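First the structure, in the form of structure tokens, and then the observations on it.
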Amino acid sequence: MNEKQKYLVVLAGPTAVGKTDISIELAKHFKTGIISADSRQFYKELKIGAAPPEQEQLETVKHYFVGFKSISEYYNVSRFEQDVLQLLPGIFEKNNIAILTGGSGLYIDAVCHGIDDMPDHDPELRQQLTERMNSEGIESLRLELKKLDPESYNNVDLKNKNRVFRALEMCLLTGKPYSQFLLKSKKERPFNIIRIALNMDRALLHDRINRRVDLMMEKGLENEARELYKFRSCNALKTVGYKELFEYFDGIHTRDVAIELIKRNTRRYARRQISWFNRNNDYTWFTPGQVSEITGFIQNEISKEKNE
RNA sequence: GGUACCAUAGCUCAGUUGGUAGAGCAACGGACUGAAAAUCCGUGUGUCCCUGGUUCAAUUCCAGGUGGUACCA
């Protein structure tokens, strides 16, 4: 079997653009399954807020990595990369094509070209550092990073506390500079990758986002959030749709304001996604109405490869 | 129909003693290798309602018009 005749079709795009529907049409057309690259649809508790595919859709086409984790479980990009790479050979035994769809650009890229090897964080150390950040401020962490890893100090965004935190955390955990792990190597994959991204007129996208939020509220997002309130410190719940409702429960703002904030933050999230996919020139862009153009494009890419 | 007030950014509004304008929110652009639906950086986007008049110069003053709001008929 020539492995290079296998194809991973990546379907990216901003939230609410219609990736789920298109991915199902593509999966039916190519008689294959769908791998979700959506860092919130992984969690089974986020039934409404993460807008996972409907039950009926899940029954129509085989989906992987939807609702397969609990919010209290730790998961990260690197594990996702490994999980997908382990899964793919099985799919490729029966199909030439697999579909990877979702809005988490970092996760998609990890599957497509890998992510450098680093150890997982140590929960105790993270706790200590978090406390230190809260009491001493970020400047203290910056200065220590400067000592332990001048290269990272010069390269990371020092205003971004997550980045400073992460770099220092790795230095302390491994005893080696964080920058030594950052090889930015592009790993070769034993399959071809066809990247497709969806987008639409911005005003239309905003309209879809706003309506989807209203629909989520009708479906009972508020109740879902109330039940998850006690897990709010979980990373999986640091998410648009939940954090705003938690603030409403805390009395920080009204229900109506919370809904407006969910809409606004979702719009901003969509913009960041577009930004991420835009900087990668490997994507070919379509609108969600162009299903036949997309299937034609995929077919064409495949025959191009075969003739080489 | 009459009187008063208002008309400036997508919205709510400030302001210019006459020298073409700025806040909040919204929006837009970007970065980003284990928290990524997170986190962070950057950007005013404008026929100052229209037409005349006064003036070196009008978004600002004057007149008329149009639209809105309130009150009186």
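Chain letters run A, B, ... following the sequence lines, proteins first, then strands; residues in each count from 1. What you see is a predicted model; the values in this text were computed from it and never measured. What you see below is based on every heavy atom in this structure, not just the backbone, and it leaves out hydrogens, waters and symmetry mates.
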Do any of [range] sit with a heavy atom less than 4.0 Å from RNA chain B, and if so which?
{"range": "residues 259-274 of chain A", "result": "R264(A), R267(A), R268(A), Y269(A), R271(A), R272(A)"}
{"range": "residues 9-21 of chain A", "result": "none"}
{"range": "residues 127-152 of chain A", "result": "none"}
{"range": "residues 74-86 of chain A", "result": "Y74(A), N76(A), V77(A), S78(A)"}
{"range": "residues 160-174 of chain A", "result": "N160(A), K161(A), N162(A), R163(A), F165(A), R166(A)"}

Base, sugar-phosphate, or nothing: which does [X] touch, judged by heavy atoms less than 4.0 Å apart?
{"X": "Y43(A)", "answer": "nothing"}
{"X": "D117(A)", "answer": "base"}
{"X": "H206(A)", "answer": "sugar-phosphate"}
{"X": "A236(A)", "answer": "nothing"}
{"X": "G49(A)", "answer": "base"}

In whole Å, measure the gap between the [atom1] atoms of [N] and [M] for me.
{"N": "rC5(B)", "M": "rC61(B)", "atom1": "P", "value": "13 Å"}
{"N": "rU54(B)", "M": "rA27(B)", "atom1": "C1'", "value": "40 Å"}
{"N": "rU59(B)", "M": "rA21(B)", "atom1": "C1'", "value": "9 Å"}
{"N": "rG15(B)", "M": "rG52(B)", "atom1": "C1'", "value": "26 Å"}

- Message: Of the options rG34(B), rC40(B), rA38(B), whose atoms approach the side-chain atoms of D157(A) most closely?
- Response: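 Nearest listed nucleotide: rC40(B).
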- Query: Counting side-chain heavy atoms from CB outward, which of rU33(B), rA36(B), rA31(B) is closest to Y178(A)?
  - Reply: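 Shortest atom-to-atom distance from the side chain points to rU33(B).
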- ILVMFWY clustering at 4.5 Å (side-chain atoms), partners of L215(A):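 Answer for L215(A): none, a lone residue.
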- List, by chain and number, the other hydrophobic cluster members for V164(A), where Ile, Leu, Val, Met, Phe, Trp and Tyr join if side-chain heavy atoms come within less than 4.5 Å, directly or indirectly.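 Reading the cluster by chain and number, V164(A) sits alongside M118(A), L125(A), L129(A), M133(A), I138(A), L141(A), L145(A), L148(A), Y153(A), V156(A), L158(A), F165(A), L168(A), M170(A), L172(A), L173(A), Y178(A), F181(A), L182(A).
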Side chains of residues 20-33 of chain A: which donor-acceptor partners sit under 3.5 Å, not counting sequence neighbours?
| from | atom 1 | to | atom 2 | distance (Å) |
| --- | --- | --- | --- | --- |
| D21(A) | OD1 | Q57(A) | NE2 | 3.0 |
| S23(A) | OG | K19(A) | O | 3.2 |
| S23(A) | OG | T20(A) | O | 2.7 |
| T32(A) | OG1 | I97(A) | O | 2.6 |

- Item | Aromatic plane relationship, F65(A) with F68(A) - under 30° parallel, 30 to 60° tilted, over 60° perpendicular |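 F68(A) vs F65(A) ring planes: perpendicular.
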- Can you give the dot-bracket line for RNA chain B, using ( ) for pairs inside the strand, [ ] for pairs that cross earlier ones, | for pairs with another strand and . for unpaired bases, where Watson-Crick and G-U count if both distances are under 3.5 Å? (((((((..((((.....[..)))).(((((.......))))).....(((((..]....)))))))))))).
- Item | Under the ring-ring contact (aromatic ring centres under 6.0 Å, His included) test, residues paired with Y74(A) that sit two or more places apart |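 Once residues adjacent in sequence are excluded, the partners of Y74(A) under the ring-ring contact (aromatic ring centres under 6.0 Å, His included) criterion are H121(A).
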- Partners passing salt bridge (Lys or Arg N to Asp or Glu O under 4.0 Å) against E169(A) (at least two apart in sequence or in another chain):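 Once residues adjacent in sequence are excluded, the partners of E169(A) under the salt bridge (Lys or Arg N to Asp or Glu O under 4.0 Å) criterion are R126(A), R166(A).
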Regarding [X] and [Y], do their side chains bring together a donor and an acceptor under 3.5 Å, going by distance alone?
{"X": "N96(A)", "Y": "K6(A)", "answer": "yes"}
{"X": "Y269(A)", "Y": "Q273(A)", "answer": "yes"}
{"X": "T266(A)", "Y": "R212(A)", "answer": "no"}
{"X": "N199(A)", "Y": "T287(A)", "answer": "no"}

- Where does rG18(B) land, syn or anti, given syn is within 90° of 0?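 Classified anti.
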- Compare side-chain N and O positions of K238(A) against OP1 and OP2 of rA36(B) and report whether any pair is under 4.0 Å apart.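 Looking at the OP1 and OP2 atoms of rA36(B), neither is under 4.0 Å from any side-chain N or O of K238(A).
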- Side-chain N or O of S275(A) less than 4.0 angstrom from OP1 or OP2 on rG29(B)?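 Checking S275(A) against rG29(B): no side-chain N or O falls below 4.0 Å of OP1 or OP2.
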- Message: Holding to side chain to side chain contact (heavy atoms under 4.5 Å, CB included), I want the full list of residues that pass it with N235(A), two or more places apart in sequence or in another chain.
- Response: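 Applying side chain to side chain contact (heavy atoms under 4.5 Å, CB included) to N235(A) gives K238(A).
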- Query: What about the rings of Y229(A) and Y242(A), do their centers lie closer together than 6.0 Å?
  - Reply: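 No.
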- Item | Value rounded to 0.5 Å, distance of CZ in F297(A) from CD1 in I194(A) |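 Atom-to-atom, F297(A):CZ and I194(A):CD1 are 7.0 Å apart.
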